[in-house]
Amino acid sequence: MTVKLRADGARRPGKSRRASLPALIGAVTLAAVTACGGGGGGGGGSAGAQGGFRQAPQSDGPLTVWVDSTRLAAAQLYQKQHPAVKMNIVTYDGDANGSNYLQTKVSLFNRTRKGWPDVVFSSQNNEASWAVPAGFTAPLNKGLIPQSTLDGWAHGANDPCTVNGTIYCLRNDLSQTVLWYNAGLMRKWGYKVPATWEDYRTLGEKVATEHPGYIVGSAGDAFTPEIYMWASKCGANQITGPKAVRVDTTSANCTRMASLLDSLIKNHTMSLSSVFSSDFDKNEAGRILMLPGPSWFGGALFQGTFKTPAGQVAVAPMPQWSGDPAPSVGNVGGGTWLLSAHSAHLKAGTDFLTWVTTANDYQGKVAPGYPANTAAAKAWLANQASSHYYAGDITGPLQAAAGQVWSGWGYGQFSQEAIWAATVTTGVTAGKTIVSLLPAWQNAIANYARSDGYKVGR
């Protein structure tokens, strides 16, 4: 059975942040464990402490799985391949763009002592910042999932899920950013794929003059800072402690990228439409020369939404700033799977969790993004190559970028996407420059962080 939850204020599918969480919430581990131990009954009493938490009495009832629209195919495929498993599949907004729908519902379930889903997908990588202390998510490496299985994830992939060595969720996919581009147009117009941001800017200026109407990027989505500012090592979101964040949006690393974006917005080669909008699909999708973005752009946008013909789209490494010895890229999502500590169906839940994050039938053949599980990633890359959709091999750039995501962008409880949309996007739409909005962005981040109990420094 599949049902749909409507989240008030839900936005289009959004993505999230990437860095290491142990420092972020390590100090709340004791409180988190206590919460798990005291609240595991799920309304039906407890069966005793096992696997690092107090488990609910187990039953044969249906497994309730919450997914966003993109991951619905995964749950349906699992159900098809495992017909003996009773399932309730529920679609919700996936916490898109930091809607906090999941946290709000879990708070309600914690008060009423019932209603928790067994397994949840979230498009946000920072769910552990509240889910662990709330006692919602179960520890996975305390007997539920073998360490040999957990060792199969890419290095650092499960950092957002790890608190003092305990893994509380599993990363679904890596959303490292690369440079997508139209290989045919590049050859036709005699352009060289830019290796530096300086060259990228210069090429954008040439396109504005020589081929007006074509674009080299988009700054119209709430995840724009995760593509550009994160890749530029802008210190807007440096988590320094369990409830501490350093915010500096006016440094050279921030202003250099803001200035680049402003110049391309001004000459109309940087779109201000969301890549998910009908306006972009109608007016700009067929006029893309370059588009910096995450690994899932290839399947979700070019193949899916834009229906770009095969043989046009290619991938190159993300441009770097001249003289920077350490290549850096951003990250737009990846998402995580959480298993409820209140679940009365832990075996079924862990079986589903393991399958959905590792199975080649889903991750290798169906998933739009680069899998976080290394074996599944190899299968996914092989599948991309066998499709003959892309112009050239995408394996090298994607594999390299997977190890270049800048670690200085943290996973605070507040949503950078929501802050950018409310502060910068609205300002740019009104005709202001991003450079002029950097102080306002900084103040907004600080205010959001303080409202969530963070100490803010510079």
Side-chain angles (χ1 to χ4, degrees), residues 3-11 14 16-17 21 24-25 28-29 31-46 52-56 61-68 71 75 88-140 144 160-163 166-172 242-243 335-346 349-350 352-353 411-415 418 451-453:
V3 299
K4 182 176 181 179
L5 292 179
R6 181 184 183 276
D8 291 340
R11 307 175 183 90
S16 180
R17 293 147 290 278
L21 258 185
L24 167 62
I25 48 180
V28 299
T29 302
V33 172
T34 301
C36 287
S46 64
F53 70 110
R54 188 169 296 278
Q55 299 180 7
L63 182 73
T64 298
V65 177
W66 283 18
V67 292
D68 65 353
R71 259 52 59 166
N88 288 330
I89 303 171
V90 178
T91 59
Y92 81 117
D93 74 336
D95 266 354
N97 294 334
S99 73
N100 291 327
Y101 182 80
L102 177 60
Q103 183 179 2
T104 300
K105 297 300 289 187
V106 168
S107 295
L108 173 63
F109 300 150
N110 283 351
R111 290 196 299 272
T112 60
R113 310 306 303 153
K114 61 181 180 180
W116 301 281
D118 295 296
V119 179
V120 178
F121 172 83
S122 172
S123 64
Q124 304 299 305
N125 289 339
N126 64 340
E127 301 290 21
S129 66
W130 65 266
V132 175
F136 171 64
T137 186
L140 301 177
L144 291 178
C161 297
T162 306
V163 183
T166 299
I167 299 175
Y168 287 95
C169 57
L170 293 179
R171 188 80 174 274
N172 179 72
K243 279 290 183 178
T336 49
W337 291 93
L338 297 82
L339 174 68
S340 173
H342 309 283
S343 176
H345 318 106
L346 289 173
T350 53
F352 173 82
L353 201 66
Y411 293 96
Q413 192 169 336
F414 47 93
S415 169
S451 70
D452 281 324

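All residue numbers in this chain count up from 1 along the given sequence.
- In this structure, the side chains of Leu339 and Leu144 come closer than 4.5 Å at one or more pairs of heavy atoms.
- The shortest distance between side-chain heavy atoms of Ile89 and Val67 falls below 4.5 Å.
- Scanning both residues, Cys161 and Arg171, for their nearest heavy atoms gives SG-N, 4.3 Å.
- Scanning for side-chain contact (heavy atoms from CB on, under 4.5 Å) contacts around Thr112 gives Leu108, Lys114, with sequence neighbours left out.
- No side-chain donor-acceptor contact under 3.5 Å links Lys105 to the backbone of Gly115.
- No side-chain donor-acceptor contact under 3.5 Å links Asn100 and Thr104.
- Here the CG atom belonging to Asp95 is positioned 10.0 Å from the OH atom belonging to Tyr101, to the nearest 0.5 angstrom.
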Please assess Leu170 against Leu140 for the test side chain to side chain contact (heavy atoms under 4.5 Å, CB included), listing each intermediate value before the final yes or no. CA-CA 9 Å; Leu170 293 179; Leu140 301 177; 3.7 Å; yes
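- For the pair Val119 and Trp337, the minimum side-chain heavy-atom distance is below 4.5 Å.
- Taking each heavy atom of Ala128 and Pro160 in turn, the nearest pair found is CB-O, 3.6 Å.
- Listed by chain and residue number, Glu127 satisfy the side-chain hydrogen bond (donor to acceptor under 3.5 Å, both in side chains) test with Ser122 (two or more places apart in sequence, or in another chain).
- Without hydrogens or angle criteria, Ser129 side chain to Asn126 main chain gives a donor-acceptor distance under 3.5 Å.
- With sequence neighbours left out, Asn110 forms a side-chain hydrogen bond (donor to acceptor under 3.5 Å, both in side chains) with Trp116.
- A donor-acceptor pair shorter than 3.5 Å cannot be found between the side chains of Thr336 and Asn125.
- The backbone N or O of Val65 sits nowhere less than 3.5 Å from a side-chain atom of Asp118 that would complete a donor-acceptor pair.
- You'll find the side chain of Thr137 stays beyond 4.5 Å of the side chain of Phe53, heavy atoms only.
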Please lay out, stage by stage, how Trp130 and Asp452 fare under the test side chain to side chain contact (heavy atoms under 4.5 Å, CB included). CA-CA 10 Å; Trp130 65 266; Asp452 281 324; over 6 Å; no
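- Among the candidates Phe121, Phe352, Tyr92, the single residue satisfying the ring pair (Phe, Tyr, Trp, His ring centres under 6.0 Å) test with Trp66 is Tyr92.
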One pair to check against side chain to side chain contact (heavy atoms under 4.5 Å, CB included): Val120 and Leu102. What are the steps and the verdict? CA-CA 9 Å; Val120 178; Leu102 177 60; 3.7 Å; yes
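- Closest approach of Ala56 to Ser343, counting heavy atoms only: CB-O, 3.8 Å.
- Minimum interatomic distance between Arg71 and Asn172 (heavy atoms only, all atoms of both residues): NH1-ND2, 4.1 Å.
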